[in-house]
Amino acid sequence: MSLYGLIAAFAEPDALVHAASAMRDKGYRRMDAFSPFEIRELEAILAIRPTRLPWAVLAGGIAGLVLTYALILYSVEIDYPLNVGGRPLHSWPPFVVIAFEAGILGAALAGFVGVLWANGLPRYHHPAFNAETFSYARGGKFYLLVETADPRFRKGVTRGQLTRLGAETVEEVEA
Amino acid sequence: MARTAAVGRAPPVLRGRHDFPEISGRIAGVVLNGRLPRYFWAAFFLCFVLVLVLFYSITYLVAIGVGKLGIDMPVVWGTMISNFVWWIGIGHAGTLISAVLLLLRQPWRASINRFAEAMTLFAVAMAGLFPILHLGRPWFFYWLLPLPNTHMHWPQWRSPLVWDFAAIATYAIVSLLFWFMGLLPDLAMLRDRAKTRGAQLFYGILAMGWRGSARHWARYRVVYYLMAALATPLVVSVHSIVSLDFTFAITPGYHSTIFPPYFVAGALLSGFAMVLTIAIPLRWAFSVEDLITLRHMDNAAKLMIASGLIVAYGYASEAFFAWYSGEAWERTMMVQRAVGPYSTLFWIMLACNVGVLQLLWLRRVRLNMPALFAIAVIVNIGMWIERYVIVVSGPSRDFLPSAWGDQSLTWLDFGILFGSIGTFFALIFLFVRILPAITIFEVEELAEETGRVA
Amino acid sequence: MPQIFSSNANGIARFVLWGALFVGMFVALGGTALLRSSFLTGVGEAVAQPVPFSHKHHVGQLGIDCRYCHNGVETSSSAGLPATEVCMTCHSQLFTNAAMLAPVRASLASGRPLQWKRVNTVPDFVFFNHSIHVAKGVACETCHGEVDDLPLMARAEPLSMEWCLVCHRDPEPNLRPPQNIFLMHWKPPEDIDRIRKSLTSVLDIHPETMTDCYVCHR
Amino acid sequence: MSATAETKPAAAQSPASLARRAADKDIWRSLEELADSGEFRRFIESEFPAIAARLPMQVNRRTLLKLAGASLAMAGLTACSEAESIVPYVRQPENIVPGRPLHYATALSSEGYGIGVIVESHEGRPTKIEGNPDHPSSRGATDAIMQAAVLALFDPDRSRVPLKNGEPAGYGDFLADMAKLSADWAASSGQGGALLVETTTSPTMKAQLEDLRSLYRKLRVYRHDPLAVPAGTAATAKLFGRALAPVYHFDRADVILSLDADFLGEGPGRLAYARNFADRRRVRRPGDTMNRLYAVETTPTLTGAAADRRKAVRPSEVESLAAALQAGLAAAPQWLAAAIEDLVGAGRNSLVVPGERQGPFVHAAAHGFNQRSGAIGTTVDFIAPPDALRVDGDLVALCDAIAGKEVDSVVVLGANPGFTAPADLDVRAAFSRLKLLVHWGLYRDETAQLAHWHVPAAHDLESWSDVSGHDGTVSIVQPLIRPLYGGRTAHEMIAALAGRFDVDAPGLVRETWAKRLDDGAWREALRDGLVAGSAAAPVAVETGTGLTDLKPEPVSQGLEVRFVIDPWLRDSRHANCAWLQELPRPLTKQVWGNAALISPATAGRLQLETGQVVNLAHGGRSIDAPVWIMPGHPDETVTLPLGFGRRTGSVAALAGGFDAYRLRTSDAMWFAGGVTLTARADTARLVTTQHHHAMEGRAIVRRASLDHFRERPDFVRDDVPPAPTESLYPDWPYDQEAWGMSIDLSACIGCMACVSACQAENNSPTVGPDECALGHEMHWLRVDRYYAGPPDDPETLFQPVPCMQCEKAPCEIVCPVNATVHTHDGLNAQVYNRCIGTRYCSQNCPYKVRRFNFLEYQPYGEEAGPEQAAHNPDVSVRSRGVMEKCTYCVQRISEARIHAQVDNRAIADGEVVTACQQACPTRAISFGNLNDKRAAVLREKGAPHSYALLEELNTRPRTTYLGRIRNPGNAAVAAEKGRTDG
């Protein structure tokens, strides 16, 4: 049973933020933080790159819009042209309405699928869950995980550092 | 991030200082180990009876035919359409609260957006029934979709009913996704709080292994906001399209360009009325007055009167342009609306949606829950009548007097309407039983923000 | 706290998601294919008849003209089925006491008609007219197949709206000179394309009018 | 001004109750029995396969929906339902090609007079009646009742087996009994025997009766016809010394005065008269002339509605008017004086028409005037009455004879005295004294139930006979189908009485004509539908002195009653025909019932509402009837339509209405004075298809006087919103045909023949009174009736409204599934099998001409009754939840196109005739290809007063109207009448 990393629990968001930045200053890179709600400060500290998901959403939107309009155009112009109320075959105003809705749908689906994909969800089994202390539920706690994979990781040293940063508990996490 | 609880003389969003275990504990408690009071089950049973009524009515309708509804020549549209518009309208407030208020960074949305979204979802589900029940041959409803078939046949894209289909489907799906995304962290919360294996698996599977990693949060936020940004134009387009069902037609009383904005406003009015109709009993029943505070009630009431005024303007301009158009049938139709066979309904509608609503100018009324609840219910009724009056009064007095005729409601019309209302509330009950009715993580976030300020 | 799910839960989850996707696609594609399969259209399925009448024998071997029995085909919407009399014109002389012809003789004696089973049938809201098709150069063979090879009649084409429309949109590939309408195994000459072009104009065929709904539905 | 209360009961009753009654068990049983009879077999077998496959009675169109369901449910793959049977003939009749209809000429009897028809027959199944253009009484037109003949033929309620004392018996047994009877009569030379016949014009029947009389000298013949109007012949007898019948020539009449005569709606010549009358009113250019009609009437009629000047008077006032007419200008009131002047001015081209219900004096006065003005020989001829028959009296006489023990055995041929006898005559009691009562009739009616023997009659379409038209022209009646229910003709009955059991009907008829027609002429007569040159020759008349000893009746005081015949049910003989029950009455638009009509003023005086029940008492008898406030009705007069209140027959039993016969006595057959009316508390449901009767000032029926038209030929454009000339959308090219219709509102008399023809042609269902009350009626074509002007003397306007076939159709763009789209020839096609019933199209149709199958109105499969055999096989039967509408009889267009295409030619003008156009007696409807420069419809549309309904909506209708032009003379009246809008 190999070691995945050390997970430290903090009582307050600020404590977590402080600890995280401190560890980063010590040169730790392979860290992750867990919190019941988002803590914006961590983004900089953990050097989280801005996500490219907005582009996926845009792409999804355009795809939905274009494909739908194309389908409509094909159906009225090529596949079965019909004189409906003496209106032109290509009556774009009504067609745009449908295409717009389809665009929204495409974008939303792309966003939803995208965020799951990017976050690697569903991920039912994750080392973090091995930690006895780790629980999303208690709500109050805020966790910092330092992975063994980090070049600076030394079990004892790291544990000490975390404890000194005010961690309530520091626990080894099995992979 | 500029979040503040300093909102003038309005009551605070949250009352008292909360710590996180306390919040999550209370909310999750309702779901996980909540012993629900007897009256909860009593109310649920009542709704369930209405669900059975709905099933019976639908079976009867499909087996015998739409002729058993009140519809006739010339008034071939009836309650199926007005129910549809009504329910869609109710849905809109939910999306508005969850999406628009999110974008506008309104802190007070936090504790009511969850059930508002649920309300949207169930309302849309109800609304989705009616276009199908409305059909003469419901079993062929799928012909509205561009499915591959051996007819080589397509939907007729110019028809507003096809736009409806697209709009409603999109709206339903987007609302569901948005709602589910919002639920993820709370599902994880419940997973980890669950005592029994069954609950763990149930919430665990739904939570998809969410663990609140900072990296996840970052992407999550971006997409959640994007979805909100998508939902906002969507919600406006949806009811505009619904209104186009009428505007697109040349029938007197339908053919009016004021409809889209006026329908959207009407939607918000009925929507917020429904939010209050649900929230007021809810916060009392689960004694979460400190999370769903008078501030929420107050704001919702304010939004009601705001949208209510737009609706009133809609009524006025309808009447004005009927006269201003100078077209005989538009004028006759409008006069007939006021003095004709449906005049009673028309005046009740005005009383509910314009008259009673004005009470909300008074802060006293806004903060008096029983009064607010009563007004909300009255507005709901008024808005249904509005839709019905619009649907029937036009065709009943249109171009050729020889073809004039009225429609009468049958037991089936009411069976389906009340059945759908019962079903809606039954779903709401189930929802508060198995899912957190208040967004835990956002309330915590909010608590933490306000905590800092304090 | 301990893991709720075992380590292979992730794999299972992925499998379920992808699986659902593929199953969905399979059902969609399979469904569209099924609609056109002979399993549902009944193409090529010989239908049991009260009398095992063989087109192969009467048309293929004896070379009897279609119109001898289906005498309404040029003038009427329905091609018509031969009256018992018509069968008996020959069979009062030939196979006069063949067992398989007993029902025919019985029919003539009792005045009760033979009850054949329909092979080529369209829904009753489809108004098909034989005379116009024959008049405009559409051969029997084109829709009914090479019946002179069939010991028992079977449907040659799906007769779906799709199938009808293909020809109604572009009839030219199915046209042939009127004198060859009733031929089986007709071999088009080299210059058939030119002939078809001229037929379209000579027979005054307007495909743009042939996809109007009321052409078939009234 | 809304004359009718809007009656809408809360709950609808279950659908198609008609049909379930029709599928009544015993009917099926008797059908099974029939199914084995040879001719019935052959009839069925000659049908399309599905029928014979499913005996007793299935029609292939009926199975449509099952297949439709099966096929469409599978997203429209081909209908691969289990192979249905296909059934050839055993012996194919050489002239029948399955799939090709045949047309036969014959004649239908209308109150004993013949109207020539052409019957369309599909594989031996008569499906549609059209008028015979060569027949003088039809001129190619039909009326509603004739259209319904096919439905009556297949009526499952028709009597099916002979009944002896109510028990089914064989026809053989009947003949045996008749043999006994004739033996007795031969012995006693007919002592105690009597025949009760209806009005007949059949030469064969007359000859047979004469033979019978000479065979049994003491045999008596009585005539009972509740609609009989003997006054006319009585008057001519007095006036000219011999009984004569007038034949009018409205085509020669410039000025017409009708003294309570409804010559457009009543009488054997009505179709011809309407045609001639309207032909003189086709104004296209300012130069054209027009006849003028003054109408005096005692109850609103079609003639009054068509009149240029109309005067409503109480029944008893007519005689004094006639007296004034006779006395001349001095005695006449101002308005009558004007009319008389006008008549005198027209000289020999004037015409005074006496109301046939009026007394001898009115007839005498009218004919006297015609004679003085020299009109006789020009606008009116007199012929020997085609219905002349030597009889020993009427029903009253018969009852007296029975009471006097002079008659002990009666044979009733067709008549139904059990229901239609005057109220003061106790027919039941009289008949109960008889030794033998034989009844021959189509139904097991009230009389049949009294009879010892009832024998089913053959329907006109099953019969061999002959019959004369209003001018004496004789048609040979030939059967379209063997008697479905083993019915016999009257000729066979009489022959049996004469002891001739071997004969058959065709033989008897041929016998009559043996001398006059050789075989060639006979075949010709059968082919043409009439015997050439058989029209009666006009009789030269010279004045007798009769008029002097005819005195006008005095004007009576108090409330008067005017009995009228229901326009469709007649004496109630058609009460079991759903088409007729549900066909709106021309003026009231009432269906499935009748009402007591009173004037607004009288209603005001008595404080009565439409629908309120009143009790009418006269001569010790009284009936309860709902009141109907009728604009233009004479004051202090109540109109009671006869024919309702029948309870025998499943359809008749559905109808509402009251039985006016119960108030009608033998001394007051048409008019009665001194009636007392007392209001009751309760109200009755009156079902009508039109609830609003004013045009609300909208330019719907655009109209003007002739003088105004001459000043402004395009008066239809005056003070109406201008029609848009442009559209946002590019015009679609219609380079092949472009079908269009024009309806002349001056010619339309509102007779409803078109509506009935449309129903017959297009398989439109009937829905029953309850569904009608909900506004679910299904007629594709409706004739709107508006009132303009004061309620007490309004102008009555008719406007037929079919689908307008808009080029920019609002209905099409809102259909989500392409179920209604445009065709290359500009039809607004409706694809029933694609429709899913969103009803958006109807919602968006400004003309509201679409009809929706709210429920399963046309049952199929086991539920369906024999009447489905009347269906047109070229038109789909629509299922529940499907929208339907007029498509200019697209099946007829397709038929014509296929024929034209097969012989590679263009469709000729007039080759496509819509059902409504074909039935119209006044040729108000013209239809054709607008791309055909020579098309008649193009000329109509070219007229200056041609306009499109609601043209300001820019829907570009293909159906247009010609503004209504009337000719009231006197410019002042014209101006006032011309411009007043409802």
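Numbered from 1 within each chain, the chains take letters A, B, ... in sequence-line order.
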For [X], which atoms come within 4.5 Å of any heavy atom of chain B: side chain, backbone, both, or neither?
| X | value |
| --- | --- |
| A:Phe95 | side chain |
| A:Leu46 | both |
| A:Leu109 | both |
| A:Ile72 | both |

Contacting region of [X] [heavy-atom separation from chain A under 4.5 Å]:
| X | answer |
| --- | --- |
| B:Leu226 | side chain |
| B:Phe180 | side chain |
| B:Ile205 | both |
| B:Pro146 | side chain |
| B:Met227 | side chain |
| B:Trp157 | both |

At what distance, to the nearest 0.5 angstrom, does CD1 of B:Ile438 lie from CG of B:Asp186?
->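 Rounded to the nearest 0.5 Å, the CD1-CG separation comes to 10.5 Å.
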Of all the heavy-atom pairs spanning [X] and [Y], show the shortest one and how long it is.
| X | Y | result |
| --- | --- | --- |
| A:Arg159 | A:Leu6 | N-CD1, 3.6 Å |
| A:Ala131 | A:Ile7 | CB-CG2, 3.6 Å |
| A:Met31 | B:Arg215 | O-NH1, 3.0 Å |

Salt bridge or not for B:Arg221 and A:Glu43, using N-O below 4.0 Å?
->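 Here B:Arg221 pairs with A:Glu43 in a salt bridge, since their nearest N and O are under 4.0 Å apart.
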Could you check which of [options] has the highest count of heavy-atom pairs closer than 4.5 Å to chain B?
| options | result |
| --- | --- |
| A:Asp32, A:Ile48, A:Val97 | A:Asp32 |
| A:Pro93, A:Ser75, A:Gly114, A:Gly61 | A:Ser75 |
| A:Leu71, A:Leu42, A:Val76 | A:Leu71 |
| A:Ser91, A:Ser35, A:Ala107 | A:Ser35 |
| A:Val57, A:Val84, A:Leu116 | A:Val84 |

Donor-acceptor pair, distance only, cut-off 3.5 Å: does the side chain of [X] make one with the backbone of [Y]?
| X | Y | answer |
| --- | --- | --- |
| A:Tyr69 | A:Ile98 | no |
| A:Asn119 | A:Leu121 | no |
| B:Arg193 | B:Lys195 | no |
| B:Asn113 | B:Ser98 | no |

What pairs with A:Glu77 under salt bridge (charged side-chain N to carboxylate O under 4.0 Å, His left out), at least two apart in sequence or on another chain?
->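 Here no residue qualifies.
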Less than 4.5 Å apart, any side-chain heavy atom of A:Phe134 and any of A:Tyr143?
->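 In contact.
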For chain A, which residues of residues 239-247 of chain B have at least one non-hydrogen atom nearer than 4.5 Å to it?
->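 So the qualifying residues are B:Ile241.
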Polar contact flag, side-chain donor to acceptor under 3.5 angstrom, B:Thr95-B:Glu117 =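 Absent: no donor and acceptor within the cut-off.
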Take atom CZ of A:Arg152 as the centre, draw a 6.0 Å sphere, and report whether it contains more than 12 heavy atoms from other residues, nucleotides or ligands.
->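 For A:Arg152, atom CZ is not crowded (no more than 12 foreign heavy atoms under 6.0 Å).
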Taking every heavy-atom pair that is under 4.5 Å apart, which of B:Leu177, B:Ile173, B:Val222 has the most such pairs with chain A?
->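 Option with the top pair count is B:Leu177.
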Which is it for B:Arg219 and A:Thr51 under the side-chain hydrogen bond (donor to acceptor under 3.5 Å, both in side chains) test, yes or no, and what are the steps along the way?
-> CA-CA 6 Å; B:Arg219 300 195 186 91; A:Thr51 168; 4.6 Å; no
